[in-house]
Participant: 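I'd like to ask some things about the structure below.
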Amino acid sequence: MTNDNLMIKPRVRFAPSPTGALHIGGVRTALYNYLFARQQGGTFILRIEDTDQGRYVPGAEEYIIEALRWVGLRPDEGVGFGGPDGPYRQSDRKEIYLKYAHELVQRGHAYYAFDTPEELDVCRQSQEHFTYNHLTRNGLLNSLTLGDAESSSRIAEGKHFVIRLKVEPGRSIRIKDLIRGDVVFESSELDDKVLLKTDGMPTYHLANIVDDHLMRITHVIRGEEWLPSTAHHVLLYEGFGWQDTMPLFSHLPLIMKPVGNGKLSKRDGAKFGIPVFPLSWKGETVEENFDGFRETGFLPEAVVNFLALLGWHPGGDQDLFSMDELIQLFSIEHIGKSGARFDYEKAKSFNQKYIHAMDNATLVALVRPLAEAKGYQVSDAFLSKAVALMKERVTFLTDFVEMGYYLFEPVREYDEVTLQKRWNGEIATVFAELTEKLATFDFFNSVELEEAVKAFIQEKGLKPGDILPLLRIAFVGTMKGPAVFETAEVFGHEETLLRLRAFLIR
RNA sequence: GGUCCGUUCGUCUAGGGGUUAGGACACGUCCCUUUCACGGAUGAAACACGGGUUCGAUUCCCGUACGGACUACCA
């Protein structure tokens with residue numbers, strides 16, 4: 001058996017199902033596919049796998065496209081992007097699967113089955129671990145037991161049927177997984193999977209293999225949950241006679257819950273109060289609303305960096321990588337084998353670092369919409385200073401306008417605990433005096449202000465600790481805030497006075 | 001239950017037959033700073049267990065335990 005896959009430009013695909021918001025694990029799968037394609041000079045394809053009409057959710061497709069756009073993964077081909085192998089939405093390819101399903105029956109690798117779901121349920125109830133396979137199919141209603149004539153007439157009569165893969169027992173199926181090495185399955189253990197459903201739509205297994213073949217996919221990079229059915233997929237490639245161009249498989253480790261057992265699920269977001277989706281999602285009910293990384297205030301670069309390292313590392317001690325670096329360094333061989341726990345603290349840390357490293361102008365452009373959404377109308381000049389003042393102490397983009405609301409509107413409340421300790425009649429008098437002094441002192445910058453205030457403190461025989469904390473509270477209301485004098489500089493003389501006076505008459 | 005996959009600090013991981021087992025997040029202490037944060041320094045913290053193979057195993061092999069996925073006319 002030859003395999004030319006390594007000689008040609010790779011073609012990979014990300015093939016999500018539009019059943020709701022795209023899970024963050026899906027974003028990681030897309031990212032790995034994208035990185036691999038970009039590094040190899042290959043093609044990254046977006047295929048929508050909507051073969052389950054019952055689970056289709058309107059808006060999910062748009063969500064997927066927008067999520068990929070947000071994190072910077074642009075497909076070269078696919079739904080919404082065009083390309084030579086379309087359509088890329090499986091529901092638009094129904095006839096293709098139909099044709100291939102019947103072809104597989106002709107080739108003797110599949111058969112018609114007439115058992116209804118209800119009948120199979122009965123089997124499952126009477127038999128502990130019932131599976132439709134080489135052992136049981138002889139006792140069931142299918143073209144193997146009924147014969148061609150009877151089957152044909154049943155079909156002609158319009159009886160419902162499915163097409164099942166005919167798995168021949170007694171052989172070993174070896175899968176060469178780029179991450180896990182050789183994985184062997186015994187065909188005797190495999191069930192006769194449904195390939196074509198009664199509604200005429202294919203199952204994942206059929207659609208996936210037909211499309212991957214037709215779209216000339218060279219590498220399948222997908223979640224580990226697909227590893228068990230890969231043996232069936234290999235059988236399909238062989239059944240169609242496509243084994244020579246069968247793609248290479250790489251099964252990614254799963255992303256696990258932050259705490260507890262099992263893989264990360266959409267419910268974990270609400271459960272732990274963290275986002276597990278790239279973008280927020282509005283469902284039919286409150287329970288189906290999900291927070292997104294974007295709305296939480298994450299930078300896509302940080303999310304990409306975080307996700308890239310959840311199950312992969314190029315080696316060495318570096319942990320901050322730009323998309324370009326990731327593209328350059330990515331390798332399937334360095335993908336880990338075990339599940340990676342979703343560590344939200346780490347995600348936040350990446351975000352913080354990316355915000356710190358970002359230049360003010362870029363930050364201004366990102367914060368402006370957030371400020372405007374809050375009704376704050378400010379100049380770029382002011383926003384730039386505000387952002388510079390705050391960026392070392394925020395974790396999220398939203399912190400600029402939430403934690404730092406006081407930069408855009410009057411102080412909402414003053415820290416009473418600190419005031420209890422530091423405010424008294426005597427200090428109130430001095431503070432009023434300081435305010436009046438500053439009223440006539442039109443300072444230009446924090447240094448000038450600081451000199452003036454310190455001089456005043458000394459003149460009054462006080463200590464910095466007597467006045468500085470109170471100034472901070474007057475300016476921003478809390479003891480947790482940016483440097484006092486720099487804050488005043490951002491406000492400017494007029495606003496600084498306004499705040500001092502508001503504080504005095506509070 | 002069956003099939004398959006996995007197991008290095010709490011977490012993400014580097015490493016790999018002989019290392020003081022490295023980094024990052026989180027945590028502790030100190031410095032900077034009369035706030036918070038950033039930054040700097042520093043500390044605690046890991047090769048699941050049992051057998052082999054070997055002069056030597058965290059690294060290779062087997063088993064056990066534990067974890068995970070799959071087991072639908074869902075993907």
Side-chain angles (χ1 to χ4, degrees), chain A residues 15-19 26 49-55 90 113 115-117 120-121 124 128-132 160-164 175 177 179-181 183-186 188-191 193-205 207-208 222-231 251 253-256 258-259 261-263 306 309-320 334 336-350 352-353 356 390-395 399 403 415 418 463-469 471-473 476 478-484 487:
Chain A
S17 202
T19 55
E49 308 222 331
D50 58 344
T51 55
D52 185 352
Q53 298 170 328
R55 291 213 305 159
Q90 290 185 331
D115 321 85
T116 65
L120 294 176
D121 277 345
R124 290 189 185 98
E128 186 69 14
H129 299 293
F130 173 82
T131 47
Y132 208 119
H160 284 327
F161 68 92
V162 298
I163 291 180
R164 283 181 182 271
I175 294 156
D177 187 286
I179 296 172
R180 284 150 215 288
V183 181
V184 182
F185 292 89
E186 293 306 319
S188 323
E189 307 278 358
L190 271 29
D191 64 328
K193 287 235 178 297
V194 170
L195 301 176
L196 195 79
K197 302 182 269 190
T198 29
D199 65 0
M201 285 295 255
T203 57
Y204 171 88
H205 310 290
N208 198 261
R222 80 227 299 193
E224 193 184 3
E225 69 268 29
W226 295 110
L227 188 52
S229 51
T230 305
H251 288 94
L254 266 17
I255 297 178
M256 316 303 284
V259 301
N261 296 161
K263 63 173 176 177
F306 167 66
L309 262 26
L310 220 50
W312 170 84
H313 197 284
D317 286 344
Q318 188 181 341
D319 51 14
L320 254 26
H334 279 97
K337 294 179 174 68
S338 46
R341 204 174 275 281
F342 184 83
D343 184 0
Y344 189 57
E345 290 303 318
K346 192 124 181 173
K348 289 201 291 190
S349 163
F350 276 116
Q352 202 173 48
K353 290 183 182 192
H356 292 177
M390 295 296 289
K391 76 189 224 187
E392 300 265 286
R393 55 205 98 221
V394 303
T395 300
D399 284 340
M403 185 177 88
D415 176 2
T418 306
K463 288 174 297 195
D466 297 325
I467 294 294
L468 266 34
L471 273 179
R472 172 174 291 107
I473 288 182
V476 302
T478 168
M479 285 304 287
K480 298 178 183 179
V484 237
T487 307

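In what follows, chains are A, B, ... by sequence order, proteins preceding strands, each numbered from 1.
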Participant: For A:Thr395 versus A:Asp399, what's the shortest heavy-atom pair and its separation?
Facilitator: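 Looking at all heavy atoms of both residues, the closest pair is N-OD2, 2.9 Å.
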
Participant: What nucleotide, of B:A24, B:C73, B:A75, holds the atom closest to the side chain of A:Tyr204?
Facilitator: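 Between B:A24, B:C73, B:A75, the one nearest the side chain of A:Tyr204 would be B:A75.
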
Participant: State the pairing partner of B:G67; accept Watson-Crick or G-U wobble contacts with both distances under 3.5 Å, and report none otherwise.
Facilitator: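 Its partner is B:C5.
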
Participant: Please pick, from B:U35, B:C25, B:C73, the nucleotide with the shortest atom-to-atom distance to any side-chain atom of A:Arg124.
Facilitator: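 For the A:Arg124 side chain, the nearest candidate turns out to be B:C73.
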
Participant: When you measure from the side chain of A:Pro117, which nucleotide among B:C36, B:C73, B:C4 comes out closest?
Facilitator: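 Selected nucleotide (nearest to the side chain): B:C73.
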
Participant: B:G39 pairs with which nucleotide, Watson-Crick or G-U wobble, both distances below 3.5 Å?
Facilitator: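 Because both required distances fall under 3.5 Å, B:G39 counts as paired with B:C31.
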
Participant: B:A24 pairs with which nucleotide, Watson-Crick or G-U wobble, both distances below 3.5 Å?
Facilitator: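 Matched B:A24 with B:U11 under the 3.5 Å cut-off.
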
Participant: Which of the following nucleotides, B:U34, B:C25, B:A75, is nearest to the side chain of A:Pro464?
Facilitator: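 Output: B:U34.
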
Participant: Relative to the 5' end of RNA chain B, which residue comes earlier, A:Gly465 or A:Ser338, by the nucleotide with the nearest heavy atom?
Facilitator: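 On the 5' side of the pair lies A:Ser338.
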
Participant: So does A:Arg55 pair up with A:Asp52, basic N to acidic O under 4.0 Å?
Facilitator: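 A salt bridge is present here (some side-chain N lies under 4.0 Å from a carboxylate O).
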
Participant: A:Asp52 side chain: which of B:A75, B:C4, B:U35 is closest?
Facilitator: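 Looking only at heavy atoms from C-beta outward on A:Asp52, the closest nucleotide is B:A75.
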
Participant: Return yes if the base of B:C5 and the side-chain atoms of A:Lys337 contain a donor-acceptor N/O pair under 3.5 Å, otherwise no.
Facilitator: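 No, the side chain and the base share no sub-3.5 Å donor-acceptor pair.
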
Participant: State the CD1-CG distance between A:Ile163 and A:Leu196, to the nearest 0.5 angstrom.
Facilitator: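 It comes to 5.0 Å.
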
Participant: So what does A:Gly223 touch, heavy atoms closer than 4.0 Å: a base, only the sugar-phosphate, or nothing?
Facilitator: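 The residue A:Gly223 makes no contact with any strand.
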
Participant: Kindly indicate whether the side chain of A:Arg55 and the base of B:C74 share any N or O donor-acceptor pair separated by less than 3.5 Å?
Facilitator: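 Such a pair exists between side chain and base.
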
Participant: In terms of side-chain heavy atoms of A:Arg393, which of B:C4, B:C12, B:U35 is nearest?
Facilitator: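 The answer is B:U35.
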
Participant: Stacking between A:His129 and B:G2, defined as ring centres under 5.5 angstrom apart with planes under 30°, is that present or not?
Facilitator: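 A stacking contact does not exist, since A:His129 is not both close and nearly parallel to the base ring of B:G2.
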
Participant: Rounding to an integer number of Å, can you tell me how far A:Arg341 CZ sits from B:A26 P?
Facilitator: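 After rounding, the gap between these two atoms is 18 Å.
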
Participant: On RNA chain B, does the nearest nucleotide to A:Phe350 precede the nearest nucleotide to A:His356 from the 5' side, or the other way round? Give the residue.
Facilitator: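 Closest to the 5' end, via its nearest nucleotide, is A:Phe350.
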
Participant: Using a heavy-atom cut-off of 4.0 Å across all strands, would you classify A:Lys263 as base, sugar-phosphate, or nothing?
Facilitator: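 Contact class for A:Lys263: sugar-phosphate only.
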
Participant: Report which part of the nucleic acid A:Ala15 touches: base, sugar-phosphate, or nothing (heavy-atom distance under 4.0 Å, all strands).
Facilitator: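 If one applies the 4.0 Å heavy-atom cut-off, A:Ala15 turns out to touch nothing in the nucleic acid.
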
Participant: Does A:Thr198 make a side-chain donor-acceptor contact with the base of B:C73, cut-off 3.5 Å?
Facilitator: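 Such a pair exists between side chain and base.
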
Participant: Taking the inter-plane angle between the rings of A:Phe342 and A:Tyr344 on a 0 to 90° scale, is it parallel (under 30°), tilted (30 to 60°) or perpendicular (over 60°)?
Facilitator: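 Rings of A:Phe342 and A:Tyr344: parallel, under 30°.
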
Participant: Looking at A:Glu225 and A:Lys263, is there a salt bridge between them, counting it only when a charged N and a carboxylate O are closer than 4.0 Å?
Facilitator: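 Not counted as a salt bridge, because no side-chain N and carboxylate O are separated by less than 4.0 Å.
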
Participant: Kindly point out which of B:G15, B:C74, B:U34 is positioned nearest to the side chain of A:His334?
Facilitator: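 Closest of the options to the side chain of A:His334: B:G15.
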
Participant: Can you say whether a donor on the side chain of A:Lys480 sits under 3.5 Å from an acceptor on the base of B:A37, or the other way round?
Facilitator: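 No pair found.
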
Participant: Pick the C1' atom in B:U8 and in B:G15, then give their distance to the nearest Å.
Facilitator: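 The same atom, C1', in both gives a distance of 9 Å.
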
Participant: From C-beta outward on A:Asp343, which listed nucleotide comes closest to its side chain: B:U11, B:U35, B:A75?
Facilitator: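 Among B:U11, B:U35, B:A75, the one nearest the side chain of A:Asp343 is B:U11.
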
Participant: Quick one: which of B:A26, B:U34, B:C12 gets closest to the side chain of A:Lys463?
Facilitator: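 Out of B:A26, B:U34, B:C12, the nucleotide with an atom closest to A:Lys463's side chain is B:U34.
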
Participant: What is the nucleic acid contact for A:Gly336, judged by heavy atoms within less than 4.0 Å: base, sugar-phosphate only, or nothing?
Facilitator: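 Here A:Gly336 touches no strand at all.
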
Participant: Out of B:C25, B:C5, B:A14, which nucleotide sits closest to the side chain of A:Val183?
Facilitator: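 Closest nucleotide among those given: B:C5.
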
Participant: Let me know the distance between CG of A:Leu471 and P of B:C36, rounded to the nearest Å.
Facilitator: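 That distance rounds to 17 Å.
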
Participant: Do A:Thr230 and A:His251 have side-chain atoms, one donor and one acceptor, less than 3.5 Å apart?
Facilitator: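 Looking only at side-chain atoms, A:His251 and A:Thr230 do form a donor-acceptor pair, the distance falling under 3.5 Å.
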
Participant: Which one is paired to B:A57, where only Watson-Crick or G-U wobble pairs with both distances under 3.5 angstrom count?
Facilitator: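 Its partner: none found.
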
Participant: Which is true for A:Asp191 with a 4.0 Å heavy-atom rule: it touches a base, it touches only sugar-phosphate, or it touches nothing?
Facilitator: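 Contact class for A:Asp191: none.
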
